[in-house]
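Read through the structure below, which is laid out as structure tokens, and then see the notes.
Excluded from the calculations below are hydrogen atoms, water molecules and symmetry mates; all remaining heavy atoms, backbone and side chain alike, are included. To find a chain, count down the sequence lines: A is the first, B the second, and so on, and within it residues start at 1.
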Amino acid sequence: MPFWHEQIAKWEASWREEQIDPLPRISLTPSNRRGTLTLNLFPLLKAQKEDPQKIVNKILSPLSGVVQCQELVKGFLNISFTPTFWGDFLREALHHPTTGYTQLRLAEREHIMVEYPSPNTNKPLHLGHLRNLCLGESVSRLWEQVGARVVRANLVNDRGIHISKSMLGWKRFFAPLTPQEAGKKGDHFVGDCYVAFEKAYRTEVENLVAKGLTEAEALVQAPLFQEAQALLRAWEAGETQTIALWRTMNEWVYAGFETTFQRLAVKFDRTYYESETYKCGKEIVEEALRRGIFFRSEDGAVWADLTPEGLGKKILLRRDGTSVYITQDLGTAEIKHREYPTLTRSIYVIGNEQDHHMHLLKALLKKLGKEYADKIYHLSYGMVELPSGRMKTREGTVVDADDLLDEMHARAYELTDTELSTAERHAIAEAVGQAAIRFYLLRVDPAKNIVFDPAESIDLKGFTGPFIQYGYVRAKKLLEKAAERGLAPLTTEYPPELHSIEESLLQYLYALPSFLESATYNLNPSLVAHYGYELTRRYNEMYQLLPVLSSEEPQRSFRLGLVATYLRAIHTVMEVLALPIPEKM
RNA sequence: GGCCCCGUAGCUCAAUCGGAUAGAGCACGGGAUUUCUAAUCCCGCGGUUGCAGGUUCGAGUCCUGCCGGGGUCGCCA
């Protein structure tokens with residue numbers, strides 16, 4: 001167990017023996033007050049009408065020897081630790097394989113599946129997918145960090161009317177061109193086909209409306225739409241040429257996605273395709289229909305009655321017998337369970353516009369008696385909006401993922417050291433640019449919408465990814481210089497007194513495991529992003545104001561220990577946020 | 001209309017089962033570099049936490065009702 005957990009557990013055990021009830025709540029002392037930890041004694045003081053000083057003595061008795069000073073302000077007991085305590089802590093953090101900052105063993109029994117980003121195959125990835133990818137990857141790494149086994153799963157939406165539209169777009173406007181011939185990434189090329197279709201379709205609809213049809217009628221009667229539907233039916237019927245084109249175009253898209261995934265260092269253990277899982281979903285629904293769990297309406301459609309759950313009625317098979325989106329989801333869930341029966345949690349990283357959909361999925365699985373329904377967690381995240389509002393395909397305001405990565409790379413390149421080689425500068429620019437985007441998308445509570453201002457919001461200074469990278473790089477260089485001079489961290493006795501800046505950094509180093517734990521179980525990487533920023537801010541303050549290499553022993557080796565532990569902690573932070581880790585900037 | 005999410009400084013965001021004087025970044029103003037990388041640091045400016053009640057030692061946080069924004073609600077994915 002990490003230092004933090006082990007100690008607090010020990011204290012709590014002895015408090016229980018002393019009949020202290022309720023137990024004090026422990027938190028970090030706010031930075032405007034002296035102290036490392038604050039014990040909240042309000043409930044305790046209220047419950048036990050004893051002399052407060054006596055209670056404080058009882059509370060502090062298991063901490064004797066490590067507490068240097070304490071202060072009771074109203075119900076808050078602020079405590080600071082001795083230099084010896086901190087020296088031992090640094091030693092532990094640096095040298096112990098499990099109490100240190102690698103692979104905290106908090107969740108070794110967990111087996112987690114994280115499903116992300118589950119794109120459609122008719123368009124390239126955009127900023128919304130980037131948020132999804134960053135969240136999914138970070139949550140995966142968080143679970144790994146605390147010792148869980150993780151399966152990264154991607155579910156590809158490779159069937160449906162939208163796919164038919166891009167196929168028809170190609171046939172009409174691009175055939176027989178290939179992405180190579182067009183000089184484009186496959187996913188962008190197919191996206192162009194889709195956009196071309198939509199544009200022509202819009203024109204047809206407008207013409208029909210001009211002839212007196214209503215918008216709704218026009219949308220259905222437009223020849224292009226009719227043709228797209230025919231193509232979908234041909235696909236479902238397994239018509240050879242249609243299937244061949246569908247395969248080809250999907251391969252173009254996958255190749256394009258793969259390039260982006262590799263650039264972002266995400267790699268999936270398992271990829272599911274809706275075109276394969278929807279059949280299983282259909283079987284589940286038909287079986288449940290026979291068992292009377294679902295029912296068929298007069299027109300032939302199949303329904304689930306979720307009125308008792310407060311979710312109304314939900315269609316599962318259209319009257320023509322074809323399956324809808326959720327049917328496929330039932331199948332995918334079942335297949336996941338069959339393949340990975342030991343999963344303890346199955347996390348779906350999906351936007352909050354599907355909150356209702358995910359409620360339906362869980363409720364349906366429960367109705368079907370699937371015990372794994374309770375293991376499903378929806379990591380719901382808000383939309384990425386522009387200052388002008390929602391991104392719109394039709395208005396061309398969608399921020400493309402590849403373009404954004406390129407733009408950030410270019411921006412970061414301008415800041416790199418011109419003394420370095422071009423190759424080195426590009427490597428740094430890529431790391432810094434990506435860190436800027438990733439941190440920006442992760443630092444906000446997932447539940448909240450993000451307003452993305454391309455002109456201002458992505459910055460390379462202040463509360464950003466590069467800020468954290470820079471702290472890491474400087475600390476690393478400092479330790480290298482120390483090593484060159486034969487200086488090692490924590491080799492001698494500890495200093496008799498610590499500077500408040502050192503204490504402030506120690507407080508945050510000490511708290512790392514608690515932040516990781518809480519971010520993991522709450523599926524909320526933003527907690528680590530804020531932690532990483534605050535930790536680095538404190539480190540920078542020390543770096544700026546307190547000399548390390550030029551200070552006297554034992555201060556020097558103690559401070560080297562601080563730097564080394566910071567380096568380890570911030571490395572862990574960058575790791576779980578999936579920020580690239582540059583060695584130079 | 002029903003249900004869900006959100007509303008905090010000019011802008012973007014924090015605030016750990018309800019806790020101390022609501023904190024950061026950006027922007028703006030001032031300052032720091034013979035010394036470990038200035039993508040840094042320090043100081044200043046900036047608030048009726050959407051509104052009105054309620055619960056209690058204590059409310060940005062919980063409850064009720066409004067206001068504003070977004071999402072979603074039987075054959076799109």
Side-chain angles (χ1 to χ4, degrees), chain A residues 25-33 38 40 42-43 45-46 73-76 78 118 120 122 157 159-163 274 297 299-304 310-320 322-326 328-329 351-357 359-360 380 382-383 385 387 389-390 412 415-417 432 436 440 443-445 447-453 456-457 459-464 466-471 473-475 477-482 511 514-515 518 522 526-527 529-530 533-534 536-537 540-551 559 563 584-585:
Chain A
R25 278 219 315 279
I26 302 177
S27 56
L28 299 180
T29 305
S31 50
N32 57 355
R33 296 187 178 267
T38 293
N40 186 330
F42 278 97
L45 292 176
K46 201 181 173 189
V73 189
K74 288 186 267 185
F76 298 107
N78 299 323
S118 304
N120 293 348
N122 63 325
N157 295 280
R159 61 178 281 277
I161 188 73
H162 56 295
I163 310 295
E274 286 191 8
S297 56
D299 61 7
V302 177
W303 299 78
L311 294 165
K313 287 173 184 160
K314 175 65 189 170
I315 191 159
L316 297 170
L317 293 177
R318 299 189 188 96
R319 59 184 164 218
D320 64 3
T322 58
S323 62
V324 295
Y325 187 49
I326 201 149
Q328 161 277 130
D329 268 337
N352 63 8
E353 74 273 13
Q354 295 198 38
D355 285 353
H356 181 67
H357 178 82
H359 284 138
L360 287 173
S380 166
M383 294 184 307
E385 295 173 323
R390 205 173 175 174
L415 290 174
T416 53
D417 187 351
V432 170
Y440 182 76
R443 71 185 199 187
V444 180
D445 185 330
K448 294 188 175 174
N449 288 356
I450 289 182
V451 177
F452 179 87
D453 188 335
E456 297 171 15
S457 294
D459 212 332
L460 302 175
K461 55 185 199 295
F463 181 31
T464 66
F467 177 90
I468 288 174
Q469 291 176 316
Y470 189 60
V473 166
R474 288 202 304 184
K477 193 62 183 290
L478 203 165
L479 288 173
E480 279 166 14
K481 286 207 165 160
S514 74
F515 278 91
S518 138
N522 291 308
S526 78
L527 300 174
H530 281 93
Y533 172 74
E534 181 62 24
T536 296
R537 207 186 59 70
N540 282 340
E541 196 177 0
M542 175 183 135
Y543 185 91
Q544 198 84 20
L545 300 175
L546 305 180
V548 178
L549 296 180
S550 60
S551 64
R559 285 182 182 167
V563 176
K584 226 187 236 188
M585 277 176 82

Would you indicate whether the side-chain heavy atoms of [Y] and [X] approach each other to under 4.5 Å?
| X | Y | value |
| --- | --- | --- |
| Ser297(A) | Ile315(A) | no |
| Leu415(A) | Met585(A) | no |
| Tyr325(A) | His357(A) | yes |

Consider the side chain of [X], meaning its heavy atoms from C-beta on, and name the nucleotide among [options] that approaches it most closely.
| X | options | answer |
| --- | --- | --- |
| Val432(A) | A39(B), C13(B), A38(B) | A39(B) |
| His530(A) | G74(B), A14(B), U37(B) | A14(B) |
| Asn540(A) | C36(B), A39(B), U40(B) | U40(B) |
| Ile161(A) | U72(B), A14(B), C76(B) | C76(B) |

Quote, to the nearest angstrom, the [atom1] distance that separates [N] from [M].
| N | M | atom1 | value |
| --- | --- | --- | --- |
| G25(B) | A15(B) | C1' | 15 Å |
| G54(B) | G44(B) | P | 38 Å |
| C75(B) | A52(B) | C1' | 45 Å |
| G65(B) | G70(B) | P | 22 Å |
| G47(B) | A24(B) | P | 15 Å |
| C5(B) | C63(B) | P | 10 Å |
| A59(B) | U49(B) | C1' | 11 Å |
| G19(B) | C73(B) | C1' | 40 Å |

Original post:
Who pairs with His162(A) by ring pair (Phe, Tyr, Trp, His ring centres under 6.0 Å), at least two apart in sequence or on another chain?
Top reply: none

**OP:** Determine the minimum heavy-atom distance between Arg443(A) and Ser526(A), stating which atoms define it.
**Re:**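 Smallest heavy-atom distance, with atoms named: O-CB, 3.4 Å.
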
**OP:** Quick one: closest heavy-atom pair of Gly382(A) and Asn352(A), and the distance?
**Re:** CA-ND2, 3.4 Å

**OP:** Applying salt bridge (Lys or Arg N to Asp or Glu O under 4.0 Å), name anything that partners Lys313(A), two or more places apart in sequence or on another chain.
**Re:** none

Between [N] and [X], is there an OP1 or OP2 to side-chain N/O distance shorter than 4.0 Å?
| X | N | value |
| --- | --- | --- |
| Tyr470(A) | A39(B) | yes |
| Arg318(A) | A77(B) | yes |
| Tyr543(A) | U37(B) | yes |

Subject >> First encountered from the 5' end of RNA chain B, between Leu317(A) and Arg390(A) >> reply: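 Its nucleotide being nearer the 5' end, the pick is Arg390(A).
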
Original post:
Given that Glu385(A) and Pro547(A) both sit by RNA chain B, which one's nearest nucleotide is further toward the 5' end?
Top reply: Pro547(A)

Roughly, in whole Å, what's the span from [atom1] in [X] to [atom2] in [N]?
| X | N | atom1 | atom2 | answer |
| --- | --- | --- | --- | --- |
| Glu541(A) | A32(B) | CD | P | 19 Å |
| Phe452(A) | U12(B) | CZ | P | 14 Å |
| Met542(A) | A38(B) | CE | P | 15 Å |
| Arg474(A) | U40(B) | CZ | P | 8 Å |
| Glu353(A) | C73(B) | CD | P | 10 Å |
| Glu480(A) | C36(B) | CD | P | 15 Å |
| Met585(A) | A38(B) | CE | P | 12 Å |
| Asp445(A) | U61(B) | CG | P | 17 Å |

**OP:** Examine the base of U40(B) for any acceptor or donor lying under 3.5 Å from a partner atom in the side chain of Gln544(A), and report the outcome as yes or no.
**Re:**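 Indeed there is one.
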
Hey, does [X] reach any base, or is it just sugar-phosphate, or nothing, if we go heavy atoms under 4.0 Å?
| X | value |
| --- | --- |
| Ser518(A) | nothing |
| Lys481(A) | sugar-phosphate |
| Val444(A) | sugar-phosphate |
| Leu546(A) | base |
| Val563(A) | nothing |

Original post:
Do the side chain of Arg559(A) and the main chain of Pro547(A) share a donor and acceptor less than 3.5 angstrom apart?
Top reply: yes

Subject >> Asp299(A) side-chain N/O to Ala301(A) backbone N/O, donor-acceptor pair under 3.5 Å >> reply: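 Present.
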
Original post:
What distance do Ile163(A) atom CD1 and Glu274(A) atom CD have between them, rounded to the nearest 0.5 Å?
Top reply: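 It comes to 8.5 Å.
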
**OP:** List in chain and number order the residues that pass side-chain contact (heavy atoms from CB on, under 4.5 Å) with Asn540(A), two or more places apart in sequence or in another chain; answer none if no residue qualifies.
**Re:**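 Applying side-chain contact (heavy atoms from CB on, under 4.5 Å) to Asn540(A) gives Phe467(A), Arg474(A), Thr536(A).
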
Subject >> Secondary structure of RNA chain B in dot-bracket form (Watson-Crick or G-U wobble, distances below 3.5 Å, | marking inter-strand pairs) >> reply: (((((((..((((.....[...)))).(((((.......))))).....(((((..]....))))))))))))....

Original post:
With under 30° as parallel and over 60° as perpendicular, where do the rings of Phe76(A) and Phe42(A) fit, or are they tilted in between?
Top reply: perpendicular

Subject >> Polar side chain donor-acceptor pair, Thr464(A) to Asp459(A), under 3.5 angstrom >> reply: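 The answer is no; no qualifying pair exists.
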
**OP:** Classify every nucleotide of nucleotides 2-7 of chain B by which part a protein heavy atom approaches to under 4.0 Å, writing B for the base, S for the sugar-phosphate alone and - for neither, in 5'-to-3' order.
**Re:** ---SSS

Subject >> Presence of salt bridge, Arg537(A) and Glu534(A), under 4.0 angstrom >> reply: yes

Contacts under 3.5 Å, N or O only, protein and nucleotides 18-25 of chain B:
| from | atom 1 | to | atom 2 | distance (Å) |
| --- | --- | --- | --- | --- |
| G19(B) | N7 | Asn40(A) | ND2 | 3.1 |
| A20(B) | O2' | Arg33(A) | NH2 | 3.3 |
| A20(B) | N6 | Thr38(A) | OG1 | 2.9 |
| A20(B) | N6 | Asn78(A) | OD1 | 3.0 |
| A20(B) | N1 | Asn78(A) | OD1 | 3.4 |
| A20(B) | N1 | Asn78(A) | ND2 | 3.1 |
| A20(B) | N3 | Arg33(A) | NE | 3.2 |
| G25(B) | O2' | Phe463(A) | N | 3.3 |

